[in-house]
Amino acid sequence: MSHELPKTYDPSVIEERWAEYWVREHLFDVATPDGTADDAKKFTMLLPPPNVTGRLHMGHMLNQTEMDILTRWHRMRGETSVWIPGTDHAGIATQMMVERQLASEGKNRRELGREPFIERVWQWKELYGGAILDQMRRLGASVDWSREYFTMDDRLSVAVKECFVRLWEQGLIYRGAYIVNWDPAIQTAVSDLEVEHEERAGKIYHIRYPLADGTGSIVVATTRPETMLGDVAVAVNPEDERYKALIGKLVRLPLSGVNGGPDREIPILADDWAKPEFGTGAVKVTPAHDPNDFAIGQRHGLPNLSILNDTAHVDLPGSHYDGLDRYAARERMIEDLRELDLLVDIKDHTLSIGLSQRTGVVIEPRLSQQWFIKIQPLADKAIEAVEQGHIRFTPDQYRKTYEEWMKNIHDWCISRQLWWGHRIPAWHCIKCAEINVARETPTACAKCGSTELTQETDVLDTWFSSGLLPFTVFGWPGTEGSNGLTPDLTAFYPTELLVTGFDILFFWVARMVMLGCHFMLDVPMPDGSKRELKDAVPFREVYIHALVRDADRQKMSKTKGNVIDPIEVVTKYGTDAVRFTLASMASPGTDIAFSESRTEGYRAFANKIWNAARFLFMQADRAKEAGYTFSMQASGTVPDLPANTPLETRWIFGRLSAVSAEVDRALTDYRFDEAAAAVYQFFWGEFCDWYLELIKLRLEFGEGHEKNDVTALTLASLVASFEAALRLLSPFMPFLTEELWHALYENNAPAKSIALTRYPQPTDFAADEASVAAMTTLQELITTIRALRKELGVPEKEAAPINLHGDNRIVALVDANRDMLSRMARVSSVEFAEATLSGSNARATASFDVAVIYERQIDVVAERERLSKELAKLEKGLMAAEKQLANETFMSKAPAHIVEGLRKQSAETKMLYDKAKAALDALPPA
RNA sequence: GGGCGGAUAGCUCAGCUGGUUAGAGCGCCUGCCUUACAAGCAGGAUGUCGGGGGUUCGAAUCCCUCUCUGCCCA
């Protein structure tokens with residue numbers, strides 16, 4: 001069979017075919033181990049579930065590339081590797097999406113009603129929710145699609161409810177009226193984490209509050225004058241001399257009268273919160289609309305007066321500000337205060353405001369009834385798990401970030417006033433107000449027996465359900481009456497690794513640790529023993545990756561318009577090239593500035609691999625025509641290497657061994673960049689540049705070239721080393737390697753996919769260090785000759801003789817490999833010299849001198865300059881070395897091997913220096 | 001305000017548990033369309049390792065400080 005590969009690699013024709021094949025053939029689906037005679041190591045990982053509304057961005061692609069490389073690598077090392085995909089129902093984001101859709105039809109969700117609205121969201125999800133997973137398939141992510149989940153699936157919903165009920169029963173969930181971050185756009189509470197702080201230019205207003213007894217006034221400073229309608233006090237610092245006399249007096253709160261009535265009277269009180277240096281030193285206290293003021297109110301037993309409704313409009317019947325938006329109210333009130341001559345001053349002030357992460361509107365701190373998790377007991381375990389090393393962070397610095405956050409954690413507001421999400425399983429008794437939390441809808445109040453129950457309307461924070469995923473995806477809590485230990489949980493919990501970005505370190509990672517430790521401690525070990533913290537953790541390792549930025553290091557954002565769509569780049573350069581780009585730039589702790597020039601380079605790399613395959617197939621065809629019989633089916637077998645095995649063949653297997661070790665080490669340390677560099681350098685710089693060029697010497701067919709063992713061995717070795725290289729590359733470039741691997745086996749491969757074969761291991765190949773060392777010397781010699789030839793102006797095609805001086809080892813090596821010199825450096829003949837060589841046509845290295853015999857005069861000026869420069873560099877090195885060696889403290893304190901190394905280096909430098917000096921002196925005068 | 005990170009070749013980044021003459025890719029310069037590959041081959045140039053100070057026999061690497069810069073938390 002002849003192989004007709006196009007001259008240039010075109011990823012578009014093969015990638016979609018393989019992506020579809022991998023899914024269709026269920027290659028990466030993993031059945032639950034039955035527990036019998038299964039001692040294979042396991043590698044389990046959860047895909048951070050993208051929002052069901054999401055579109056793939058570069059961050060996803062980086063994340064998935066890293067996870068896929070690791071999963072493929074572990075899988076090829078024979079481990080049971082499960083990578084579980086799914087999507088998150090993303091409460092706010094999804095509800096917004098559908099509300100927007102409704103708005104475009106002139107409707108809103110309230111008209112529609114709760115149940116029909118939720119129905120509508122499900123329809124939306126069915127239609128569009130799969131988009132991001134389809135994009136994942138296109139990237140070749142080797143996930144187990146049979147285990148795909150959605151966070152609102154029935155089985156997960158049951159688990160979420162179970163967790164909520166248990167936490168309630170354990171007294172770890174409470175409900176109460178607290179100041180929370182309120183998003184007036186979508187009208188729900190959000191957690192602290194969902195608020196983004198931004199510095200903005202604003203104003204600070206100084207407002208005069210008259211004393212009720214008419215003896216004067218006090219001027220308060222505020223950035224939010226509109227909330228003064230909700231003021232219940234004025235606070236001053238107890239140490240502030242200016243105001244000491246006023247403490248305990250009442251002020252008349254301007255603008256606060258309703259229905260034409262008088263203004264309210266509120267007290268002046270002393271509280272440390274009032275900072276004398278801030279503003280006027282007197283602050284208004286508005287407990288219902290500011291978290292700090294709420295705390296003051298608690299301390300002093302003040303009432304909470306809410307004056308803004310859930311859309312942040314003034315809600316104060318009878319007031320002439322009633323119904324105004326918060327900012328409109330502010331303007332109107334400032335005008336009114338000015339008219340009343342109570343506005344003392346307006347100053348510029350930079351303030352930090354909270355913005356809703358989802359909607360972008362300014363958060364309104366608002367007093368409302370919410371559900372909270374008492375987080376401290378959970379956080380304690382989560383801190384312990386990390387401090388005791390049961391969970392390891394890479395890079396390690398994130399451990400500190402995590403611990404810092406955990407130690408300063410606040411109770412978690414888990415209720416959301418949304419419709420889309422897991423509805424809180426609580427029923428309020430209309431008669432006695434008892435809260436009935438239950439797994440099944442109760443028929444009567446547990447306290448008073450009333451049947452008048454209404455279900456809580458709030459749903460749970462999306463992160464509550466995703467925080468449970470590490471065990472709920474494995475079927476927890478299992479069947480009724482079970483201990484929660486399902487077969488999947490037995491086999492796969494804890495997962496091995498979590499790969500994610502630091503942006504969800506607190507949102508998700510921290511919550512998983514807390515909830516995982518909390519719930520799993522109650523699940524026994526497979527052998528029935530009690531589970532300890534080290535086995536209750538949701539994952540043993542966390543790898544935090546960088547942010548992908550644009551080529552100018554700017555954060556990608558829609559508003560800047562610099563978002564790079566991975567699917568676009570993938571279409572342009574091929575998935576493999578983009579994956580390789582991300583992998584090679586993924587060095588820990590540094591953001592990735594994604595630039596297409598890098599990707600272009602890796603597309604060239606893919607093309608290089610493609611063409612190496614073309615070369616191989618071409619040689620195979622020629623060999624067959626020449627009567628060689630060998631089977632491509634033996635590609636996976638490294639041939640025995642007899643005594644007459646050519647050096648380059650011993651060398652390439654030696655290198656394969658070393659590179660396999662290097663890749664293993666790099667991936668163990670999550671050094672994707674080093675792993676990628678190692679395979680790149682090996683394949684291009686060694687396999688193609690040296691090995692393929694050298695074996696052309698052995699692959700001569702036709703007239704005058706009899707069939708021989710060396711050629712046969714070379715063919716077998718070529719195929720075997722290439723096949724191994726493909727396996728080595730396949731986690732990084734799964735599409736290209738899959739295509740070529742099947743082609744290599746002539747579509748009769750020993751496995752359904754290269755991904756199901758063995759990853760090259762150092763011991764799979766003879767390390768043969770002597771051959772590697774010999775080859776390194778020859779490479780140095782060849783490179784030196786090439787450089788000399790170029791300098792002397794020897795035409796590329798013209799062969800030239802050389803003189804060589806070196807020790808016996810070099811002489812023997814060169815003598816045995818004259819054919820290499822001839823092919824790689826156009827050497828016509830070699831003459832060995834007894835004495836050192838110098839002169840303008842010679843170069844000296846530490847191990848040999850070589851001269852190229854060529855007539856043409858060299859450029860004396862250029863050569864003088866080159867030699868002078870080199871001489872200066874050598875002299876500098878030599879001086880430094882000699883100075884060190886003359887330094888007694890160095891000689892006495894430095895370790896022996898350092899001193900010895902320096903001595904050797906110094907001697908070599910001296911030799912090179914002398915040679916360069918001689919060469920310079922030998923140059924004719926300018 | 002508290003904390004973390006970064007500053008190394010024109011660009012993007014490695015190297016940093018101190019140790020021999022600081023690397024890679026891209027870009028740049030020169031010569032080659034050598035039947036695997038011009039998305040290629042061969043050769044070449046390029047850095048007072050942000051400034052200053054200190055520790056040490058020895059500092060890109062450790063410490064202090066300054067400047068610039070990014071991020072997280074409040």
Side-chain angles (χ1 to χ4, degrees), chain A residues 5 7-9 192-193 195-197 352 354 395 397-398 400-401 404-405 408 410 502-503 505-506 546-547 549 551-555 573-574 577 581 584-619 622 671 673-674 676-677 680-681 684-685 688-689 692-693 696 782-784 786-791 793-797 823-826 866 869 873-874 876-878 880-881 883-895 897-906 908-909 912:
Chain A
L5 297 182
K7 193 170 168 182
T8 305
Y9 171 53
D192 294 346
L193 284 177
V195 180
E196 285 169 356
H197 296 271
S352 167
Q397 73 205 49
Y398 288 106
K400 268 190 177 144
T401 312
E404 202 60 33
W405 186 78
N408 295 296
H410 299 291
F502 64 83
D503 49 333
L505 182 59
F506 307 136
L547 204 68
R549 298 166 173 277
D552 300 320
R553 303 194 54 77
Q554 297 292 307
K555 213 170 181 171
Y573 298 99
T581 308
S584 59
M585 298 189 80
S587 45
T590 317
D591 286 346
I592 294 176
F594 187 88
S595 79
E596 289 196 13
S597 70
R598 277 296 276 264
T599 313
E600 269 174 44
Y602 294 121
R603 177 182 59 182
F605 181 48
N607 191 52
K608 188 79 182 175
I609 300 167
W610 183 261
N611 275 290
R614 290 181 65 226
F615 172 79
L616 180 153
F617 292 137
M618 202 172 284
Q619 300 307 324
R622 291 173 69 203
R671 290 304 303 259
D673 57 331
E674 290 180 353
Y680 179 95
Q681 167 56 27
W684 199 323
C688 291
D689 288 350
L692 292 188
E693 290 306 319
K696 287 175 182 172
I782 288 164
T783 308
T784 310
R786 282 172 178 168
L788 263 179
R789 285 171 50 94
K790 189 98 169 177
E791 236 165 67
V794 185
E796 298 234 355
K797 282 178 184 156
R823 164 129 209 136
M824 302 296 282
R826 300 254 178 204
R866 185 188 71 80
K869 229 169 159 179
K873 194 175 160 190
L874 289 167
K876 199 177 144 197
L878 192 59
K883 192 178 156 202
Q884 275 283 65
L885 288 171
N887 183 329
E888 278 174 34
T889 22
F890 168 74
M891 296 304 281
S892 59
K893 285 192 179 177
H897 73 277
I898 295 294
V899 176
E900 193 41 49
L902 187 64
R903 257 203 201 105
K904 203 175 144 203
Q905 180 235 321
S906 167
E908 278 173 9
T909 309
L912 290 176

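Side chains included, hydrogens not; waters and symmetry mates left out as well; all remaining heavy atoms used. The structure displayed is predicted, hence computed values, not measured ones.
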Nucleotide B:C4, atom C1' - distance to NZ of A:K400 in whole Å: 7 Å
Pairing string, 5' to 3', for RNA chain B - Watson-Crick or wobble contacts under 3.5 Å, brackets [ ] where pairs cross, | to another strand: (((((((..((((.....[...)))).(((((.......))))).....(((((..]....)))))))))))).
d(CZ, A:R671; P, B:A14) in whole Å: 8 Å
First encountered from the 5' end of RNA chain B, between A:H410 and A:T783: A:T783
Span that lies between the P atom of B:C71 and that of B:C32, in whole angstrom: 50 Å
Partners passing side chain to side chain donor-acceptor pair (under 3.5 Å) against A:K790 (at least two apart in sequence or in another chain): none
Residues which pass side-chain contact (heavy atoms from CB on, under 4.5 Å) with A:T599, listed by chain and number, not counting sequence neighbours: A:Y573, A:A577, A:V578, A:T581, A:F594
Separation of B:U12 P from A:E596 CD (nearest whole Å): 16 Å
C1'-based separation of B:C62 from B:C16 [nearest Å]: 10 Å
Audit row: A:Y602, A:S584, side-chain hydrogen bond (donor to acceptor under 3.5 Å, both in side chains) steps and yes/no: CA-CA 10 Å; A:Y602 294 121; A:S584 59; 3.2 Å; yes
Nearest-Å distance once atom C1' is located in both B:U61 and B:G6: 15 Å
Separation of B:C13 P from A:Y602 OH (nearest whole Å): 13 Å
Euclidean distance for P, B:C64 against B:G3 (whole angstrom): 13 Å
A:Y398 OH - B:C72 C1' separation (whole Å): 9 Å
Polar side-chain atom of A:N607 near backbone of A:Y9 as donor-acceptor pair, under 3.5 Å: yes
Base-contact (B) and sugar-phosphate-only (S) positions in nucleotides 32-41 of chain B, heavy-atom cut-off under 4.0 Å, - elsewhere: S---BBSBSS
Whole-Å P distance, B:U20 and B:A39: 40 Å
Among B:G31, B:C72, B:G25, the nucleotide that comes nearest once only the side chain of A:Y680 is considered: B:G25
Residues that A:A586 engages under side-chain contact (heavy atoms from CB on, under 4.5 Å), provided they are two or more places apart: A:L62, A:E66, A:I592, A:F672
Sugar-phosphate, base or nothing in reach of A:S584, heavy atoms under 4.0 Å: nothing
Rounded distance in Å between the P positions of B:U67 and B:G23: 34 Å
Residue A:E196 excluded, over 12 heavy atoms near CD under 6.0 Å: yes
Which residues share a side chain to side chain donor-acceptor pair (under 3.5 Å) with A:R603, sequence neighbours left out: none
Separation of B:C11 C1' from A:M585 CE (nearest whole Å): 10 Å
Whole-angstrom distance between B:G50 and B:G70, as gauged at atom C1': 15 Å
Distance between C1' atoms of B:A38 and B:A22 (Å, rounded): 32 Å
Side chain to side chain donor-acceptor pair (under 3.5 Å) involving A:R622 - partner list, sequence neighbours excluded: A:Q619
Spacing between A:D673 atom CG and B:G23 atom C1', to the nearest angstrom: 13 Å
Partners meeting salt bridge (Lys or Arg N to Asp or Glu O under 4.0 Å) with A:R598 (sequence neighbours left out): none
Atom-to-atom span, CG of A:N408 to C1' of B:G3 - whole angstrom: 11 Å
Salt bridge (Lys or Arg N to Asp or Glu O under 4.0 Å) against A:E693, all qualifying residues, sequence neighbours excluded: A:K696
